[in-house]
2 protein chains.
Amino acid sequence: MGTLNDGKKKVTIYSVAHEAGVSLATVSRVINDSSLVKEETRKRVEAAIVKLGYRPNAVAQGLALKKTTTIALVIPDSSFLYMGKIINGLLDVAKIYKYNIALHTTSSSISEMSEIIDNIVKSRADGVIVYNDCLTENEIAILNSFSTPMVYIGHKIKAADACNVFVDYKKALYELTDKYIQEGYKDIVLIQDKKNPMMMDELLEGIDKGFSKHNMKFDGLVEIPENYHNSYDYLNEYFKDNKHQLVITVRDSQAMAVLNACTENGISIPEETDLVCVMDSRYTDMVRPRISSFFIPSYDLGALAMRVMTKMLDTDEIKEKEYQLSYIYKNKASTKI
Amino acid sequence: MGTLNDGKKKVTIYSVAHEAGVSLATVSRVINDSSLVKEETRKRVEAAIVKLGYRPNAVAQGLALKKTTTIALVIPDSSFLYMGKIINGLLDVAKIYKYNIALHTTSSSISEMSEIIDNIVKSRADGVIVYNDCLTENEIAILNSFSTPMVYIGHKIKAADACNVFVDYKKALYELTDKYIQEGYKDIVLIQDKKNPMMMDELLEGIDKGFSKHNMKFDGLVEIPENYHNSYDYLNEYFKDNKHQLVITVRDSQAMAVLNACTENGISIPEETDLVCVMDSRYTDMVRPRISSFFIPSYDLGALAMRVMTKMLDTDEIKEKEYQLSYIYKNKASTKI
DNA sequence: TAATTTATTGAAAAAGTTTTCAAAGTAAGT
DNA sequence: ACTTACTTTGAAAACTTTTTCAATAAATTA
């Protein structure tokens, strides 16, 4: 077995106690910075600890204390590109509060979510942070039946009383639509991404609200058929026969696909068509023209979610349940207005 | 405390034993699919388990069995975009073998690595998988002094006897250089990325080998100064006064920066300059022209690393220590040859 | 000096599982 | 009916820590 100290004797709190000539209770107190141990004894124990290279066993601590200082992070396996900064934010804050992160990914199958929860329950994570971008209502229901402290991250979740760190995409899309309609644009189109049903609903609500404000009805969903594994292939066909005043996409990859498809069909952006990508990424600035997009504070979403989680674990109840972070619309070269 | 079963009585192996009228030893045997329990008893215990909603406590199991079924994954926090597929591969295989993944990230500071190891030792992870893209020699030395099973993933590592799943970038760059020199290209340039010192060394070795085969010496490092936080800004200046036959970059973002900088300075790609990006990504296919690149089997790197790890944990020794996966050069529109 | 308080320590129980060893029960063979 | 062998079960120890409670030692007060 490739165990920790091959060959060498395993060093536990007993070894340290023996080495220092004290009881294990005293060693435990030294480890945990308890104030009620004599300075001289502390020195002796600390010397024994470094001499033996003792490291407390977090598993045994977990058992004794009934907490693991581990947070489970549940994310959809497909969208890592968008997760990067969120995870960085999470981890930076987790480090400060000495929490570990256990990573779990969901695939599309329904059974999977209860399997993941099963796993998390078994591992006795102190809390769960869920990126809710691709969750179905079914999955959210499963998650809510679950009594470990939980924070949803990403966009607004409908479950009542859920702790939620999010960006208000509905408002973002409403404002965008409203602005364009005021400028006289009517032919607005949203490229549909099958993979984010909940997110999509939210975007649509925003657009609908914008249209109904001006007594119009939105009717511009462009759905990429299932059989196209590459959205560019479909869009290239699509823009042969279609042209719109404003095209909205969710992800950078789709925006780039639209850009290429339009360009190759002689539709110039932004002269003939405006293009907006909802979720910002570094790549939206790397193509020409740069693509207008909403800056989403991903790092902050992650960091705040983790901070909220530590608060939940410290105090029994928290006052605030909803933490809304603001997007920033970045008007770049792919749009005229 | 937001504990597991608020209000309700906590359900342990004792509760189940009591409910089923057996001893805890028997319940443990049922949980672990031991063959030596009577069919009828098993039924009774299983009924009790579902009735009470019992889930074994992995922490207690970890203590009793002296293993946590957790693998620590150490990655540099900066390069998540490249990590996505690797993590997916890792997690898919981890799921099969019922391992959990604990995520740790390194920042640039030296002290950090020993802090992370300290944390991993405490948490008693069964094994460690390290993405060694951005590691310094110092950090590798620290890691090697550490007796938990370890797999290095990404590129070839110099430490003797280390278990390593990698792509041979040196060979890739050698082949590329050789091919270009054979076609009469001499003015070859590599954009230097300060962030991956080890990786960079390997690429340079490959290029040097290609040059020395033809009795030439490589002298084409283009270093982006520290004070430019955006490589595009520097490259835009650079390509005002410089022009090369072949430009090689490590990452997609740099390739795109080169593409834009050249285009905006009237250097057309591929007519005047060939452009190759070493590490493939979906984005290299999304710009025009598409950028020639090496397809790196990231998912497989992750999956294989995890598989190797499970083998290491099963059997004391493994025969193979080095697992080399092959890249595929993808000749696209940014290159003439 | 004796009594009282305070500071420091240790013994033992508790956390929830696995596993060894012995005991009890059952079936088979004579 | 009586060994013998095998199947099934349970009691108890082990895993490594924290924490409570009681005991001892030291310091203070009367």
Side-chain angles (χ1 to χ4, degrees), chain A residues 1 3-5 9-46 48-49 52-70 98 121-126, chain B residues 1 3-5 9-46 48-49 52-70 98 121-126:
Chain A
M1 283 222 327
T3 39
L4 221 48
N5 283 290
K9 199 99 207 91
K10 163 193 46 178
V11 22
T12 70
I13 199 168
Y14 291 101
S15 340
V16 177
H18 183 257
E19 173 75 26
V22 296
S23 77
L24 51 163
T26 304
V27 179
S28 176
R29 282 190 270 259
V30 172
I31 295 168
N32 296 295
D33 285 328
S34 165
S35 56
L36 31 68
V37 38
K38 195 154 69 175
E39 192 51 29
E40 184 227 310
T41 325
R42 171 190 308 284
K43 287 257 173 64
R44 207 143 35 92
V45 172
E46 275 165 355
I49 287 175
L52 300 179
Y54 168 69
R55 302 268 187 39
N57 181 333
V59 178
Q61 288 179 320
L63 186 59
L65 294 174
K66 300 201 216 182
K67 59 180 188 175
T68 53
T69 55
T70 294
K98 312 248 184 233
V121 173
K122 275 190 201 145
S123 71
R124 300 300 196 264
D126 294 338
Chain B
M1 280 225 331
T3 39
L4 222 48
N5 282 289
K9 198 100 205 93
K10 164 193 48 177
V11 21
T12 71
I13 199 168
Y14 291 101
S15 338
V16 177
H18 183 256
E19 174 74 25
V22 296
S23 77
L24 53 163
T26 305
V27 178
S28 175
R29 282 191 269 260
V30 171
I31 295 168
N32 296 296
D33 286 327
S34 165
S35 56
L36 32 67
V37 40
K38 194 153 69 171
E39 191 53 29
E40 185 227 311
T41 325
R42 171 190 306 284
K43 288 256 172 62
R44 206 144 35 90
V45 172
E46 275 165 355
I49 287 174
L52 301 180
Y54 168 70
R55 302 267 188 36
N57 181 334
V59 178
Q61 289 180 317
L63 187 59
L65 294 173
K66 300 200 217 185
K67 60 180 188 174
T68 52
T69 56
T70 295
K98 312 248 185 232
V121 173
K122 276 192 201 143
S123 71
R124 299 303 196 262
D126 294 338

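Each chain gets a letter, A, B and so on, in the order its sequence line appears, and its residues count up from 1.
Taking atom CG of L24(A) as the reference point, atom P of dA11(C) lies 9 Å away to the nearest angstrom. Rounded to a whole Å, the CG atom of D33(A) is 15 Å from the C1' atom of dT18(D). Note: CZ (R29(A)) to P (dT9(C)) measures 8 Å, nearest angstrom. Counting to the nearest Å, the P atom of dT16(D) and the NE2 atom of H18(A) are 16 Å from each other. Straight-line distance from the NZ atom of K67(A) to the P atom of dT18(D): 12 Å, rounded to whole Å. For E39(A) and dA7(C), the CD to P distance is 15 Å, given to the nearest whole Å. L65(A) has its CG atom 20 Å from the P atom of dA13(C), to the nearest Å. Rounded to whole Å, the distance from CG on L52(B) to C1' on dG16(C) is 15 Å.
Looking at T12(B) and N57(B), their side chains never come closer than 4.5 Å, going by heavy atoms from C-beta outward. Side-chain contact between E46(B) and V30(B) is present, with heavy atoms from C-beta onward closer than 4.5 Å. Side-chain contact between E39(A) and R42(A) is present, with at least one heavy-atom pair separated by less than 4.5 Å.
The nucleotide whose nearest atom lies closest to any side-chain atom of I13(A) is, among dG10(C), dT9(D), dT17(D), dT17(D). The side chain of V22(B) sits closest to dG10(D) out of dG16(C), dG10(D), dG10(C). Checking dG16(C), dT8(D), dT9(C) against the side-chain heavy atoms of K38(B) singles out dT8(D) as nearest. Nearest to the side-chain atoms of A25(A) among the listed nucleotides dG16(C), dT18(C), dG10(C) stands dG10(C).
Nearest approach of A17(A) to S23(A), heavy atoms of both residues: CB-C, 3.8 Å. For the pair L52(A) and E19(A), the tightest heavy-atom approach, listed with the atom from each and the gap, is CD1-CB, 3.9 Å.
The side-chain contact (heavy atoms from CB on, under 4.5 Å) test with I31(A) is passed by exactly one of V45(A), T26(A), I13(A): I13(A).
For R124(A) and dG16(C), a side-chain-to-base donor-acceptor distance below 3.5 Å is absent, hydrogens and geometry of angles not being considered.
Using a 4.0 Å cut-off, some side-chain N or O of K10(A) falls inside it from OP1 or OP2 of dT16(D). The side chain of N57(A) places no N or O atom within less than 4.0 Å of a non-bridging phosphate oxygen (OP1 or OP2) of dC15(D). At the phosphate of dT17(C), neither OP1 nor OP2 sits under 4.0 Å from any side-chain N or O atom of S28(B). Remark: T41(B) is in phosphate contact with dT9(D), judged by side-chain N or O atoms under 4.0 Å from OP1 or OP2. Proximity of S23(B) to the phosphate of dG10(D): a side-chain N or O atom is located under 4.0 Å from OP1 or OP2. The side chain of Q61(A) contributes an N or O atom lying less than 4.0 Å from OP1 or OP2 of dT18(D). Phosphate proximity of dG10(C) to Y14(A): absent, as no side-chain N or O sits under 4.0 Å from OP1 or OP2. One finds no side-chain N or O of T12(A) lying less than 4.0 angstrom from the OP1 or OP2 phosphate oxygen of dT16(D).
Residue order along DNA chain D, read from the 5' end via each residue's closest nucleotide, puts R44(B) first among R44(B) and A64(B).
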